[in-house]
Amino acid sequence: MESEVAFIHDFDSSLICDYFGRLERQGPGSRESTILALSFIDNLSDESEIADFACGTGGQTITIAQNTRGTITGLDIFPKFIEKFNENMNNLGLRNRVKGIVGSMDNLPFRSKQFDVIWSEGAIANIGFQNGLDYWKGFLKNDGYIALTYESWFTDERPAEIEKFWVDAVPAISTVETNISIMKKSGYSFVAAFALPETCWIDTYFSPQKAMQKEFMKDNAGNKAAEALVENMEYEAELYEKYKQYYGYVFYIGKKL
Ligand code: SAH
């Protein structure tokens, strides 16, 4: 059974976009958790420049925009997500302050020390936690903030099934304590860390998927990869239910030294 499990990066990108583009968020999180993370960030003004890396269709970006002043640049590797992102910002009347661009978070088209805040929910593992922290620091002003969520272990030991699942998906996955020390070594002072509550997984991530999977399967009838993707996501939801005391996303907030 375990050897048959595919990972999200094994699927074709157009299928991923079709599946996750139907959702308001592409990863665990919530309006409340984004607002809580924002509460640790001082000195924002209408001059502030905020970046949201791997913004997806902009679920969290909308919350950031509605609770800050200044301008926000969202960046994501999938053009279809950015199209939807910009459409969402237009519909909400946020387009004068928020724009989305296509790009890769490991090859950024920005100036050195451009941003007051770098945000990134549910994505840094794609380029590595330490690598992302080191590289992104160059784009932050002195005293600028970083706020991101990252898969983390809550305990020192875990049952084999869940250990294997996450080590295969995120080889560098570590405990909260280790991640904080990596952040400090990368040249940030530690501001705060908190685990996303269960509602961020169940109510805003797994439940909306359940509600749209039937339609996704109807639109992709006969497509084996689409079936495998749904099975994969169902398996992830089952694992969460079974092992949620051992892992989750943690919000890490740091300030560039
Ligand atoms: N922040 C959003 C999306 C998280 S899902 C949310 O929390 O809802 C992970 C996102 O990372 C996807 O939108 C995916 O397209 C993006 N992504 C993956 N690799 C990337 C890269 N190298 N550069 C930019 N975006 C990337």
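Note that ligands are numbered from 1 as they come in the structure, with each ligand's atoms numbered from 1 the same way.
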Using a 4.0 Å cut-off on heavy atoms, what residues surround ligand 1? Order them by chain and number. R25, Q26, G27, A54, C55, G56, Q60, D76, I77, F78, F81, G103, S104, M105, E121, G122, A123, N126
Decide ring-ring contact (aromatic ring centres under 6.0 Å, His included) for Y246 and W153; before the verdict, give the C-alpha distance in whole Å, the side-chain angles of both, and the deciding distance to 0.1 Å. CA-CA 6 Å; Y246 298 103; W153 294 129; 8.1 Å; no
Please round to the nearest 0.5 Å and tell me the distance separating atom OG1 of T63 and atom CZ of R25. 7.5 Å
How would you list all residue pairs meeting salt bridge (charged side-chain N to carboxylate O under 4.0 Å, His left out) that involve residues 240-257, not counting sequence neighbours? E161-K242, E198-K244, E241-K244
For the atom pair CG (L140) and CZ (F115), what is the distance rounded to the nearest 0.5 Å? 9.0 Å
Does anything in residues 131-143 form a side-chain hydrogen bond (donor to acceptor under 3.5 Å, both in side chains)? List the pairs, not counting sequence neighbours. D116-K141, D134-S186
With E238 via salt bridge (charged side-chain N to carboxylate O under 4.0 Å, His left out) - residues at least two apart: none
